Participant: 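Please find one structure pasted underneath; my questions will follow.
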There are 4 protein chains.
Amino acid sequence: MLSTPPERTERTPPTSGLDYDVGSSKAAARIRDAACEVFAAKGYGAATTREIAAELGMSPGAVYPHYKTKEALLFAIAIEGHRNVLDVISAARDGAATPTEQLRATTIAFVRWHADRRAIARVIQHELRSLSDDHFALVADVRRATTAVFDDILAAGVAAGAFAPDDAPTATLALTSLGIDVTRWFPTKQHSDADALAQQYADIVLRIAGAR
Amino acid sequence: MLSTPPERTERTPPTSGLDYDVGSSKAAARIRDAACEVFAAKGYGAATTREIAAELGMSPGAVYPHYKTKEALLFAIAIEGHRNVLDVISAARDGAATPTEQLRATTIAFVRWHADRRAIARVIQHELRSLSDDHFALVADVRRATTAVFDDILAAGVAAGAFAPDDAPTATLALTSLGIDVTRWFPTKQHSDADALAQQYADIVLRIAGAR
Amino acid sequence: MLSTPPERTERTPPTSGLDYDVGSSKAAARIRDAACEVFAAKGYGAATTREIAAELGMSPGAVYPHYKTKEALLFAIAIEGHRNVLDVISAARDGAATPTEQLRATTIAFVRWHADRRAIARVIQHELRSLSDDHFALVADVRRATTAVFDDILAAGVAAGAFAPDDAPTATLALTSLGIDVTRWFPTKQHSDADALAQQYADIVLRIAGAR
Amino acid sequence: MLSTPPERTERTPPTSGLDYDVGSSKAAARIRDAACEVFAAKGYGAATTREIAAELGMSPGAVYPHYKTKEALLFAIAIEGHRNVLDVISAARDGAATPTEQLRATTIAFVRWHADRRAIARVIQHELRSLSDDHFALVADVRRATTAVFDDILAAGVAAGAFAPDDAPTATLALTSLGIDVTRWFPTKQHSDADALAQQYADIVLRIAGAR
DNA sequence: GATGAATGAGACTTCATTCAT
DNA sequence: AATGAATGAAGTCTCATTCAT
């Protein structure tokens, strides 16, 4: 290929949350990162576009060639974050052989992601109510795919006799909930090592699953 | 006494979060409730005092005789909510004899509180960053007392040989985290019965604790 | 009547342009007048709410308790202006006996209104494209009623043998057009006396009508 | 000639409105046309350079090599439009022999121009207030020349005993006013044929002039 | 000449809060 | 206590224009 065509926000028609151009220019990415920090720190509603621009040394209007509205920024962040989570846990699953190993690996990946990438994690777990209905639906697609990964591992483990949860869907709920809530409190004096936390939480999750 | 003097926020000097006048007049309580709904629905930052007043059929200025600022309202809600949680789980603990029964009872109470009183739960679990430092400190007092209840039960159970968690503080963290995160998602199609959910979560928590 | 209830903008449901509460408080009227001047001087699109407020020594936000949007202000002005024109020419017609006298009297009233009340005249004749569709429709109701007054007088004159226009509807068009265009140019060095102009234009209109 | 040097606005020093380079490149002409449409549709104040560029499939900056400012564009349009009117009615006059025929011919040309070239007509009749003082003065030169054409015809007709207006300058005013106002309303359901309208208006104008 | 990101100003509007009534 | 107009600050977003590419 001789030249890459310039990328534009919103070029792809909004049909699936799994592929969607989120703004691939360098400037767009910087804006997304800055917005992420501010949204995480104050909440979407209290965050201001001025502050996002200021964080980058830009003027308030400079965001708008890249993202048409504040909500479009939130959406870009949300979609990217959700896809990243899905990629990370899918990779973790694919690197493990048995359901037990898969459950451990995916839990570790999930918890670590929420501990390491706190800003984006907070945004995608707590600011989705500010999305438009259409954008929310696209994000929900990706969320469902993520949940399905855990559901499938648990089901496989149950079928193989490796797991014995009281109720499998509730186990999925509990384990994702544990991981998600990490964004609210991590780090504390007691838990500031993401790796260690992920290991401990994986043990807890195996208990919840009733792993032998 | 012929008339009760009007109640004001900030009358009590802010020394302990455990006793604090939060606005005891009927109007103050109505305002608190309305604010709670709005804060929960949109987040503190995006909520407007006008909307709170409108919800009550009041004019925008009518909130101010009762609460001097929007933040004072948040604080009143936060303190009241935290004290209520503490009361509820303390009562649950006092009604049970063994650590195992206590852990089950307090977990059920904790989960139910977050499922039943969703609006206030959401506010006290996700909007505290908007408190002033002083107010936050007062709220943190009560939070610590709540955590201590679970810590003590787990410690007693371990001492009695009833529990065998991998790590007791992490078990407390996980169980409170599970309860708190209920405010984010409850209800769903799968879980819309707070009672049933509380029972299932109690079973999970006993697994986490390694109850015999 | 013991007390007048407070008036609100937009209270009346928007069903007919002929009755419509346009903001009857004193402050609303002052804002309308100031807006009128600014809209006339710069055009609606180039006029700023800041400038309107500044003209009254108010802060920019002070307009909004009275008019929810800049367009609402334009609508209030437009409706009021159109109703005023209709009232003025209706009164002129009612004060005259024969079609000839009526045509002279209404023309004089129409021309004088556009010359005397230049600011509002300019707004209602040249800024209507900025109205919302709904608001435009309400204004159009009143415009039609105004045109009908002239149409009826001409028809009556023709029936009575007093007028002999080439084409009656075109005569109405021409005479209203002459009056309306006064807002564009009046005053000039040559024509700065509204009364004199109105008399001269009435003579011209009688020629157009082919009055005997 | 190998290459034409690029044309620039403002090359000619602004001394007379009657000769003035208005941007003679093809691109400049296309921009002028697009701007004309947008200015006519929304008013100069509400029109945006972006929209003008978009109408041509150009980027926002692409206008500036051709016209240094938005106001320069307005001026180019205004001058060109005024000169075109003058040319058109001068030609009409020159093609007719008697004052009566001349008055009829120029009126028809004037009315038709305003009906046919509605966009530019609207701009030159209603957006001049947005010109700089210098530019306005240049435009005014051309306007005066146009008025003089009608004044001269009327004067000649009066001298020849062909016309008997109440007041000749007022007749000029009325007839130009009728023509100009066509830009505001044409077309309507009743009048959508520019030719027919021009004929009817010419008859009216002859009545105003008191033509025998 | 054209592009499109960026600027600096400023647009409309909303908001927490105050205060005369 | 309540009202609601008013304030001053600020919010999101747009605009004419510039400039590196």
Side-chain angles (χ1 to χ4, degrees), chain A residues 6 8 25-28 30-31 45-53 56-73, chain B residues 6-8 25-28 31 45-53 56-73, chain C residues 6 8 25-28 31 45-53 56-73, chain D residues 6-8 25-28 31 45-54 56-73:
Chain A
R8 293 278 190 73
S25 76
K26 215 162 190 173
R30 288 181 63 228
I31 291 169
T48 73
T49 54
R50 272 174 152 74
E51 190 173 357
I52 293 165
L56 298 168
M58 292 169 126
S59 69
V63 177
Y64 289 86
H66 302 284
Y67 294 98
K68 268 200 306 257
T69 63
K70 190 182 162 192
E71 191 269 349
L73 239 179
Chain B
E7 303 288 340
R8 292 288 183 74
S25 77
K26 215 163 191 172
I31 291 170
T48 72
T49 54
R50 277 173 153 72
E51 190 173 356
I52 294 164
L56 298 168
M58 294 169 123
S59 71
V63 176
Y64 288 85
H66 300 284
Y67 293 98
K68 264 198 314 239
T69 65
K70 192 181 157 191
E71 192 267 351
L73 241 179
Chain C
R8 293 278 189 75
S25 76
K26 215 165 192 172
I31 291 169
T48 73
T49 54
R50 274 175 149 72
E51 191 174 356
I52 295 165
L56 298 168
M58 292 169 126
S59 70
V63 177
Y64 289 85
H66 302 284
Y67 294 98
K68 267 200 305 256
T69 64
K70 192 182 160 191
E71 191 269 349
L73 239 180
Chain D
E7 303 289 340
R8 292 286 184 73
S25 76
K26 215 163 191 174
I31 291 169
T48 72
T49 55
R50 277 174 154 71
E51 189 173 357
I52 294 164
L56 298 167
M58 294 169 122
S59 72
V63 176
Y64 288 84
H66 300 284
Y67 293 98
K68 264 198 314 240
T69 64
K70 190 180 159 191
E71 192 267 351
L73 241 180

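Below, chains carry the letters A, B, ... as their sequence lines are ordered, and counting in each starts from 1. Please read these numbers as outputs of a predicted model, since none were measured by experiment.
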Participant: Could you give the CZ-to-C1' distance, from R50(D) to dA5(E), as a whole number of Å?
Facilitator: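 Going from R50(D) (CZ) to dA5(E) (C1'), I get 10 Å.
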Participant: So what does A46(A) touch, heavy atoms closer than 4.0 Å: a base, only the sugar-phosphate, or nothing?
Facilitator: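 No contact.
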Participant: My understanding is that only residues two or more places apart in sequence, or in another chain, count here; which of them pass side-chain contact (heavy atoms from CB on, under 4.5 Å) with T69(A)?
Facilitator: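 Testing T69(A) for side-chain contact (heavy atoms from CB on, under 4.5 Å), a comparison that skips the adjacent residues, returns E71(A), A72(A).
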Participant: S59(A) near the nucleic acid: base, sugar-phosphate alone, or nothing, with a heavy-atom cut-off under 4.0 Å?
Facilitator: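 Base contact.
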Participant: With sequence neighbours excluded, what pairs up with A27(A) under the side-chain contact (heavy atoms from CB on, under 4.5 Å) test?
Facilitator: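 A27(A) satisfies side-chain contact (heavy atoms from CB on, under 4.5 Å) with S25(A), H66(A) only.
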Participant: Whole angstrom is fine here: how far is it from CD1 in I52(B) over to P in dC15(E)?
Facilitator: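 To the nearest whole Å, that distance equals 11 Å.
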Participant: Where each residue is assigned the nucleotide of DNA chain F containing its nearest heavy atom, which of P60(D) and V63(B) is assigned the position nearer the 5′ end?
Facilitator: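 In this pair, the answer is V63(B).
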Participant: Nearest heavy atom decides the nucleotide; on that basis, is G57(C) or G57(B) closer to the 5' end of DNA chain F?
Facilitator: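 Looking at the nearest nucleotide for each, G57(B) comes out on the 5' side.
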Participant: Which part of the nucleic acid, if any, lies within reach of A53(C) when heavy atoms closer than 4.0 Å are counted: base, sugar-phosphate only, or nothing?
Facilitator: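 Answer is nothing: A53(C) stays at 4.0 Å or more from every strand.
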Participant: From CG of L73(D) over to P of dT17(F), roughly how many Å is that when rounded to an integer?
Facilitator: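 Checked: the CG to P distance equals 10 Å.
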Participant: What pairs of nitrogen or oxygen atoms, one from the protein and one from nucleotides 19-21 of chain F, lie under 3.5 Å apart?
Facilitator:
none

Participant: Suppose we screen for side chain to side chain donor-acceptor pair (under 3.5 Å). Which residues come up paired with E51(D), at least two apart in sequence or across chains?
Facilitator: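 E51(D) satisfies side chain to side chain donor-acceptor pair (under 3.5 Å) with K42(D) once adjacent residues are dropped.
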Participant: Which helical stems does DNA chain E take part in, if a stem means at least 3 consecutive Watson-Crick or G-U pairs with both distances below 3.5 Å?
Facilitator: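 DNA chain E forms these stems: E:2-21 with F:2-21.
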Participant: Starting from the 5' end of DNA chain E, give me the residue, T48(B) or G45(C), whose nearest nucleotide shows up first.
Facilitator: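 On the 5' side of the pair lies G45(C).
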Participant: Reckon T49(B) touches a base, only the sugar-phosphate, or nothing at all at heavy-atom distances under 4.0 Å?
Facilitator: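 Result for T49(B) = base.
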Participant: By nearest heavy atom, map R30(A) and A62(D) onto DNA chain E; which one lands nearer the 5' end?
Facilitator: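 Closer to the 5' end of DNA chain E: A62(D).
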Participant: Which of the following nucleotides, dA2(E), dA5(E), dT7(F), is nearest to the side chain of H66(A)?
Facilitator: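 That would be dA5(E).
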Participant: Among residues at least two apart in sequence or on other chains, which ones pass side-chain contact (heavy atoms from CB on, under 4.5 Å) with R30(A)?
Facilitator: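 Here the qualifying residues are L56(A).
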